[in-house]
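The first residue of the sequence shown is numbered 1, and numbering continues consecutively from there. Everything numeric here is computed off the predicted structure, so don't read it as measured data.
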Amino acid sequence: MAAGYHAVGWTPFKKRFDRWMLAGMAVFLAVFIGASYALPPSGQAYTPVQLVIRATGVLAFLMLTFALCIGPLARINRHFLPFLFNRRHLGVATFLTALVHAGLVLLWYHGFSDVNPIVSLLISNPRYDSISGFPFEALGLAALIILFVMAATSHDFWNTNLGPGLWKAIHMSVYGAYFLLVAHVALGAIQSEKHPAYFYLLCSGAGIVTIFHLATGFLPLLKKLKKSAPGDWMMAGPAMAIPDKRAIILTPPAGERIAVFRSGNRIFAVSNVCRHQGGPLGEGRIVDGCITCPWHGFQYRPEDGQSPPPYTEKIATYRVRVIDGMVEVDPAPNPPGTPCPPWILPEVTDV
């Protein structure tokens, strides 16, 4: 995070991520176009431009599908957290890939029209009452507009000036873009494509996104059924089962989730919700003595929930205690920024 606005800085990790991402995109496009040339569908022949249109369209769909799976995957397995840190880069790259796809479509199919290519795209097929002949291009254009708004507002400047609530609402529209994209493919390529690969790709992609989100959505609800009633101390499990410098997440009967951190022989509990964009603090770790959000690096001191100066963000703290090696948390939050001493363990023996 930053006290002021400055140019985006690429850390060595981000540079490696971007290199691998761009290399993967290039390999996919090369393999897709090469395979299409070597193994053309029976009775179908495509020009090089049409192949690039199809390749970029499939790649944009796969990238957006993966981007939507990153959140649930990071909650299921911490090894996916690096992707969560760089999800903005993936999102912008997805928009640029979709923009290339849309630009080639406009030039190839509508570039020689007597009217503006975008107008031509919107008026060339008025069959909105038909399923097989539905103007699927309009759905793709609507999805592209949503991705453009998200890419254009991805910098923290917009988060600050729009406010976290509005900013998050804008970026939650990615699910609307994905729905439009699925409909775009279902009413477009699948209607004319003889090979079943597109159908299987669409169904599996949409199915995976749905399953992952349902799974991570229902797991906290199932855990919540096992919790104590409001006002009772909540059982968090063995103290030494909490990884050093990391946390486990509790779901109280009411209110925000709670992140229970262990740093050496000290146990803390704070709100799981980052005040920047609502990131899951419990999926982050303690860096330089501060709880660091895995989304954008916002930090909070675990002993009082306050960001180190000059930053002013504050989160709620919770009382903790350890009885017979088991951590318990009082689900009643302290006001944000309230000092709350950690529970000191007598000794540390990592499991």
Side-chain angles (χ1 to χ4, degrees), residues 1-5 71 74-75 81 84-85 156-172 220 223-224 227-237 239 242-243 245-264 266-322 327-344:
M1 65 183 181
Y5 306 120
R75 286 175 170 83
L81 282 174
L84 189 65
F85 305 153
D156 279 346
F157 169 86
W158 292 104
N159 177 270
T160 301
N161 287 275
L162 293 174
L166 178 57
W167 189 94
K168 187 172 184 180
I170 291 174
H171 284 252
M172 287 294 288
K223 293 179 180 178
K224 189 172 181 178
K227 302 303 177 185
S228 304
D232 294 340
W233 286 70
M234 298 175 60
M235 182 69 69
I242 304 174
K245 308 295 184 183
R246 294 193 177 275
I248 60 172
I249 300 174
L250 300 182
T251 303
E256 297 176 344
R257 296 180 188 177
I258 303 171
V260 184
F261 280 88
R262 179 172 74 87
S263 180
R266 299 182 301 164
I267 305 293
F268 306 89
V270 299
S271 168
N272 187 54
V273 181
C274 178
R275 289 299 172 259
H276 177 221
Q277 293 175 10
L281 292 175
E283 294 176 14
R285 57 194 179 95
I286 296 178
V287 179
D288 297 329
C290 290
I291 298 170
T292 303
C293 180
W295 281 12
H296 306 111
F298 271 59
Q299 293 186 312
Y300 306 88
R301 295 191 298 250
E303 61 271 13
D304 59 13
Q306 299 187 38
S307 294
Y311 311 108
T312 59
E313 288 79 11
K314 299 178 182 179
I315 56 175
T317 57
Y318 295 81
R319 294 188 300 154
V320 296
R321 66 188 183 190
V322 178
V327 178
E328 297 182 357
V329 179
D330 183 352
N334 297 311
T338 301
C340 189
W343 187 276
I344 308 298

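The shortest side-chain heavy-atom distance between Thr338 and Asp304 does not fall under the 4.5 Å cut-off.
The distance from the CD1 atom of Ile267 to the CD atom of Glu328 is 12.5 Å, given to the nearest 0.5 Å. With rounding to the nearest 0.5 Å, the separation of CH2 in Trp295 from CG in Leu281 is 10.0 Å. Note: Asp330 CG to Asp232 CG = 9.5 Å, rounded to the nearest 0.5 Å. Atom CD of Glu303 is separated from atom OG of Ser263 by 9.5 Å, given to the nearest 0.5 angstrom. Distance check: Ser271 OG to Tyr300 OH gives 8.5 Å after rounding to the nearest 0.5 Å.
Closest approach of Val322 and Ala239 over heavy atoms only: CG1-CB, 4.5 Å. Summarising the geometry of Tyr318 relative to Pro331, their closest heavy-atom pair is CE2-O, 3.4 Å, with the distance given to 0.1 Å. Residues Gly289 and Pro302 share a closest heavy-atom pair of O-CD, 3.2 Å. For the residue pair Gly278 and Val273, the shortest heavy atom distance occurs at CA-CG1, 3.8 Å. Nearest approach of Gly282 to Ala247, heavy atoms of both residues: O-CB, 3.8 Å.
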Where do Ile258 and Asn272 land on the side chain to side chain contact (heavy atoms under 4.5 Å, CB included) test, with the steps shown first?
-> CA-CA 5 Å; Ile258 303 171; Asn272 187 54; over 6 Å; no

Please step through side chain to side chain contact (heavy atoms under 4.5 Å, CB included) for the pair Phe261 and Ile291, ending with a clear verdict.
-> CA-CA 9 Å; Phe261 280 88; Ile291 298 170; 3.5 Å; yes

Would Arg319 and Cys340 satisfy side chain to side chain contact (heavy atoms under 4.5 Å, CB included), going step by step from the backbone distance to the final call?
-> CA-CA 7 Å; Arg319 294 188 300 154; Cys340 189; 4.0 Å; yes

Side chain to side chain contact (heavy atoms under 4.5 Å, CB included) between Ile286 and Thr292, worked out = CA-CA 6 Å; Ile286 296 178; Thr292 303; over 6 Å; no

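At distances below 3.5 Å, not a single donor-acceptor pair connects side-chain atoms of Arg246 with backbone N or O atoms of Arg285. At least one donor-acceptor pair under 3.5 Å links the side chain of Asn334 to the backbone N or O of Thr317. Counting only distance, with no hydrogens or angles, the side chain of Thr251 and the backbone of Ile249 share no donor-acceptor pair below 3.5 Å. Judged purely by atom type and a 3.5 angstrom limit, Gln306 uses its side chain to pair as donor or acceptor with the backbone of Gly337.
Remark: Arg301 does not engage Glu313 in a salt bridge, criterion side-chain N to carboxylate O under 4.0 Å.
Between Ser307 and Gln299, the side chains place no donor N or O within less than 3.5 Å of an acceptor N or O (distance only, hydrogens not considered).
Note that Arg266 lies outside the cation-pi zone of Trp343, set by a 6.0 Å cut-off to the ring centre and a 45° limit from the axis.
His296 and His276 have perpendicular rings, their planes meeting at more than 60° on a 0 to 90° scale where under 30° would count as parallel.
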